[in-house]
Peer 1: 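One structure follows; several queries about it will come next.
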Amino acid sequence: MLFIILLIQAIIGIVFLVKKPESIKVFKKKYAVLSFINRSVLLVIAIIPSILFPQFKNIEPSGNYSVATESYTFTDADRIETYSNDGSYRKITVQFWYPGAESENKKYPLVIFSHGAFGFRGSNYSTFMELASNGYVVCSVDHTYQSFFSKQVDGKTVIVNNDFINDAIAVQNGDYDDEKTFKLTHEWLKLRTDDINFVLEEILNNKNDEYVFKIIDAEKIGLFGHSIGGATAAELGRIRNDIDAVIVIDGTMIGEEIDFADGKSVLNSNEYPVPILNIYNEEHYNEALLNSSNYANMVASENAIDSHDVVFKESGHLNFTDLPLFSPFLAKMLGTGNIEKVYCIEKMNNVVLDYFNYYLKDEKELNIMTEY
């Protein structure tokens with residue numbers, strides 16, 4: 001855009017140079033001022049995208065498999081869309097990243113990802129590429145109307161619901177009391193767990209002949225997610241019996257809050273039934289430690305059959321997505337720390353891969369540290 005604007009300005013300049021001197025005198029001062037203002041505005045508009053979304057180099061995946069991708073939009077005929085009033089069924093769009101056709105005689109573990117409150121199915125693209133290149137089928141789910149935007153396979157784009165945005169910001173800022181926050185967050189969690197349950201059944205019972213469904217090992221399933229997406233993954237680890245490992249990426253396990261009584265949440269004291277890994281930013285972890293006996297993640301980890309915690313020093317909430325890579329400006333506004341952005345996402349991707357390798361591929365050693 002900047003090139004085009006500069007080219008137009010150059011052409012205009014040439015035109016004025018070849019005009020007769022007397023015609024130039026006709027060009028009045030006020031038009032010169034207006035022209036300057038208009039061009040300045042155009043230049044600012046042209047430069048803004050380069051500030052918000054500067055060019056960046058993708059993180060190269062470490063695996064040996066080439067990666068293919070495919071998107072599907074599934075319609076859940078058992079659920080009416082609650083975010084619209086037209087009586088339509090809820091539609092969920094998912095995107096797969098998976099080993100390419102050279103591996104057609106093998107089967108690979110399935111891992112499902114749930115994005116954060118204002119995320120979308122591509123929010124952790126580098127993580128998906130890392131997993132798929134190392135022999136995983138990755139399915140990332142757009143939670144329609146809670147995703148920043150969801151592009152369906154028919155080309156229709158559904159943007160985030162405005163009421164959800166306002167409520168999520170209010171919850172984040174502590175504008176609602178504890179009881180209202182409990183009610184809202186559990187409504188969101190229920191919607192998301194229903195989404196993932198539906199998607200899993202669509203995948204595991206798919207009768208189509210598409211390659212991606214044929215290479216899935218249904219006996220090896222992992223779940224992971226960022227923020228409330230991590231809470232979704234953790235809740236499904238509780239309610240399904242076919243999940244082998246769960247990763248919560250900087251999220252609060254709100255599903256462990258099973259009731260609200262006497263002005264506070266009541267936590268689940270039953271054993272957490274599958275291996276679980278919590279990845280924290282430093283501030284989140286320190287706050288959790290201060291309130292460990294009443295914080296859902298800490299109580300669940302203490303009661304889990306197998307649990308691990310990993311802390312990234314000087315990181316922020318958005319450092320665990322790819323946003324700092326393709327828009328450092330926006331990421332800083334929304335919440336990143338002082339950790340080097342590429343280092344953080346690469347190390348997190350390594351942790352996720354090593355964890356799933358250990359629990360889904362039966363590798364003998366779990367090569368993750370407690371602090372990075």
Side-chain angles (χ1 to χ4, degrees), residues 48-49 51-54 56 59 113-128 140 142-143 145-149 159-176 178 181 184-185 188-189 192 224-234 247-254 277-291 295-298 309-349 351-352 371-372:
I48 283 175
I51 296 173
L52 294 180
F53 307 104
F56 70 98
I59 294 175
F113 179 83
S114 176
H115 60 74
F118 302 129
F120 73 113
R121 67 178 185 260
S123 64
N124 282 65
Y125 169 80
S126 69
T127 315
F128 309 151
S140 183
D142 263 340
H143 296 286
Y145 293 105
Q146 290 191 3
S147 169
F148 187 67
F149 70 93
I159 62 172
V160 64
N161 177 266
N162 192 55
D163 290 336
F164 172 72
I165 289 179
N166 292 335
D167 283 336
I169 292 173
V171 167
Q172 180 68 28
N173 293 338
D175 296 337
Y176 294 155
D178 291 345
T181 296
L184 271 175
T185 54
W188 299 338
L189 184 67
R192 285 165 167 259
F224 68 130
H226 176 248
S227 194
I228 191 173
T232 305
I247 301 177
V248 179
I249 303 173
D250 211 32
T252 296
M253 294 168 60
I254 53 181
L277 165 67
N278 271 280
I279 296 175
Y280 294 95
N281 77 63
E282 186 174 18
E283 183 180 5
H284 183 183
Y285 183 69
N286 289 337
E287 289 177 353
L289 280 180
L290 288 174
N291 195 33
Y295 186 60
N297 300 43
M298 291 291 182
D309 292 338
V310 171
V311 183
F312 281 79
K313 298 188 72 175
E314 296 191 64
S315 63
H317 191 57
L318 270 298
N319 282 115
F320 302 113
T321 71
D322 284 356
L323 185 61
L325 302 181
F326 65 81
S327 185
F329 180 83
L330 287 178
K332 194 68 177 176
M333 286 181 60
L334 295 172
T336 55
N338 295 322
I339 193 170
E340 204 283 317
K341 60 185 179 182
V342 174
Y343 168 84
C344 185
I345 196 71
E346 282 187 329
K347 288 299 181 183
M348 188 204 76
N349 291 347
V351 169
V352 170
E371 189 176 280
Y372 289 88

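Nothing here was measured: the structure is a model prediction, and the numbers come from that model.
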Peer 1: Going by side chain to side chain contact (heavy atoms under 4.5 Å, CB included), name the residues that satisfy it together with Glu371, two or more places apart in sequence or in a different chain.
Peer 2: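 For Glu371 the side chain to side chain contact (heavy atoms under 4.5 Å, CB included) partners, ignoring immediate neighbours, are Lys313.
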
Peer 1: Roughly how far apart are His115 NE2 and Ser147 OG, rounded to 0.5 Å?
Peer 2: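 Between atom NE2 of His115 and atom OG of Ser147 there are 4.0 Å.
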
Peer 1: Checking side-chain polar atoms at under 3.5 Å, does Asn286 have a donor or acceptor matched by the opposite partner on Tyr280?
Peer 2: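 No - no donor-acceptor pair under 3.5 Å links their side chains.
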
Peer 1: Taking only distance into account, with no hydrogens and no angle test, what donor-acceptor pairs under 3.5 Å do side-chain atoms of residues 339-349 form with protein atoms, sequence neighbours excluded?
Peer 2:
{"unit_1": "Glu340", "atom_1": "OE1", "unit_2": "Val342", "atom_2": "N", "d": "3.1"}
{"unit_1": "Glu340", "atom_1": "OE1", "unit_2": "Tyr343", "atom_2": "N", "d": "2.7"}
{"unit_1": "Asn349", "atom_1": "OD1", "unit_2": "Thr127", "atom_2": "OG1", "d": "2.6"}
{"unit_1": "Asn349", "atom_1": "ND2", "unit_2": "Ser126", "atom_2": "OG", "d": "3.2"}
{"unit_1": "Asn349", "atom_1": "ND2", "unit_2": "Ile345", "atom_2": "O", "d": "3.3"}

Peer 1: Return the CD1 to NE2 distance between Ile247 and His226, rounded to the nearest 0.5 Å.
Peer 2: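 It is 13.5 Å, given to the nearest 0.5 Å.
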
Peer 1: Are Val248 and Met253 packed together at the side-chain level, in the sense that at least one heavy-atom pair is separated by less than 4.5 angstrom?
Peer 2: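 Val248 vs Met253: side chains touch.
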
Peer 1: Please round to the nearest 0.5 Å and tell me the distance separating atom OH of Tyr145 and atom CG of Asn162.
Peer 2: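 Between atom OH of Tyr145 and atom CG of Asn162 there are 13.0 Å.
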
Peer 1: To the nearest 0.5 Å, what is the distance between OG1 (Thr185) and CD1 (Ile254)?
Peer 2: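 Thr185 atom OG1 to Ile254 atom CD1 measures 4.5 Å (nearest 0.5 Å).
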
Peer 1: Under the criterion side chain to side chain contact (heavy atoms under 4.5 Å, CB included), which of Asp309, Val311, Val352 is the partner of Ile279?
Peer 2: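 Of the listed options, the one satisfying the test is Val352.
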
Peer 1: Output all residues satisfying side chain to side chain contact (heavy atoms under 4.5 Å, CB included) with Asp178, sequence neighbours left out; order by chain, then residue number.
Peer 2: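 In terms of side chain to side chain contact (heavy atoms under 4.5 Å, CB included), with neighbours along the sequence ignored, Asp178 is linked to Phe260.
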
Peer 1: Does the pair Tyr372 and Val310 meet the rule for a side-chain contact (heavy atoms from CB on, under 4.5 Å), with working shown?
Peer 2: CA-CA 8 Å; Tyr372 289 88; Val310 171; 3.6 Å; yes

Peer 1: What do you reckon, are the aromatic ring centroids of Phe128 and Phe113 less than 6.0 Å apart?
Peer 2: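 Under 6.0 Å, so yes.
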
Peer 1: Of all residues at least two apart in sequence or in a different chain, which pass the side-chain hydrogen bond (donor to acceptor under 3.5 Å, both in side chains) check with Asn297?
Peer 2: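 With neighbours one apart ignored, the set is Asn278.
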
Peer 1: Got a sec, which residues hit side chain to side chain contact (heavy atoms under 4.5 Å, CB included) with Asn338, two or more places apart in sequence or on another chain?
Peer 2: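 Expected list: Glu314, Lys332.
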
Peer 1: Not counting sequence neighbours, which residues clear ring-ring contact (aromatic ring centres under 6.0 Å, His included) with Phe148? List them please.
Peer 2: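 Phe148 satisfies ring-ring contact (aromatic ring centres under 6.0 Å, His included) with no residue once adjacent residues are dropped.
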
Peer 1: Under the side-chain hydrogen bond (donor to acceptor under 3.5 Å, both in side chains) test, which residues partner Ser227, sequence neighbours left out?
Peer 2: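 side-chain hydrogen bond (donor to acceptor under 3.5 Å, both in side chains) list for Ser227, sorted by chain: His317.
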
Peer 1: To the nearest 0.5 Å, tell me how far Asp322 CG sits from Ile59 CD1.
Peer 2: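 That separation rounds to 6.5 Å.
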
Peer 1: Does Asn173 have any side chain to side chain contact (heavy atoms under 4.5 Å, CB included) partners at least two apart in sequence or in another chain, and if so, which?
Peer 2: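 Asn173 satisfies side chain to side chain contact (heavy atoms under 4.5 Å, CB included) with Ile169, Asp175 once adjacent residues are dropped.
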
Peer 1: Side-chain donor-acceptor contacts of residues 117-125 below 3.5 Å, not counting sequence neighbours, with atom names and distances?
Peer 2:
{"unit_1": "Arg121", "atom_1": "NE", "unit_2": "Gln95", "atom_2": "OE1", "d": "3.0"}
{"unit_1": "Arg121", "atom_1": "NH1", "unit_2": "Asp142", "atom_2": "OD2", "d": "2.7"}
{"unit_1": "Arg121", "atom_1": "NH1", "unit_2": "Lys151", "atom_2": "O", "d": "3.2"}
{"unit_1": "Arg121", "atom_1": "NH2", "unit_2": "Lys151", "atom_2": "O", "d": "3.4"}
{"unit_1": "Ser123", "atom_1": "OG", "unit_2": "Phe120", "atom_2": "O", "d": "3.1"}
{"unit_1": "Asn124", "atom_1": "ND2", "unit_2": "Phe320", "atom_2": "O", "d": "2.9"}

Peer 1: Listed by chain and number, what are the side-chain hydrogen bond (donor to acceptor under 3.5 Å, both in side chains) partners of Ser114, not counting sequence neighbours?
Peer 2: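 Ser114 satisfies side-chain hydrogen bond (donor to acceptor under 3.5 Å, both in side chains) with His143, Arg192 only.
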
Peer 1: Using side-chain hydrogen bond (donor to acceptor under 3.5 Å, both in side chains) as the criterion, list what pairs up with Tyr295, not counting sequence neighbours.
Peer 2: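 Only Thr252, His284 meet the side-chain hydrogen bond (donor to acceptor under 3.5 Å, both in side chains) criterion with Tyr295.
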
Peer 1: Which value, rounded to the nearest 0.5 Å, describes the distance between Asn319 atom CG and Thr321 atom OG1?
Peer 2: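 Going from the CG atom of Asn319 to the OG1 atom of Thr321 covers 8.0 Å.
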
Peer 1: Tell me whether the count of non-hydrogen atoms from other residues, nucleotides or ligands lying under 6.0 Å of CD1 in Ile159 goes above 12.
Peer 2: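 Open.
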
Peer 1: Do Leu184 and Trp188 touch side chain to side chain, with heavy atoms closer than 4.5 Å?
Peer 2: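 Counting from C-beta outward, Leu184 and Trp188 do come under 4.5 Å.
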
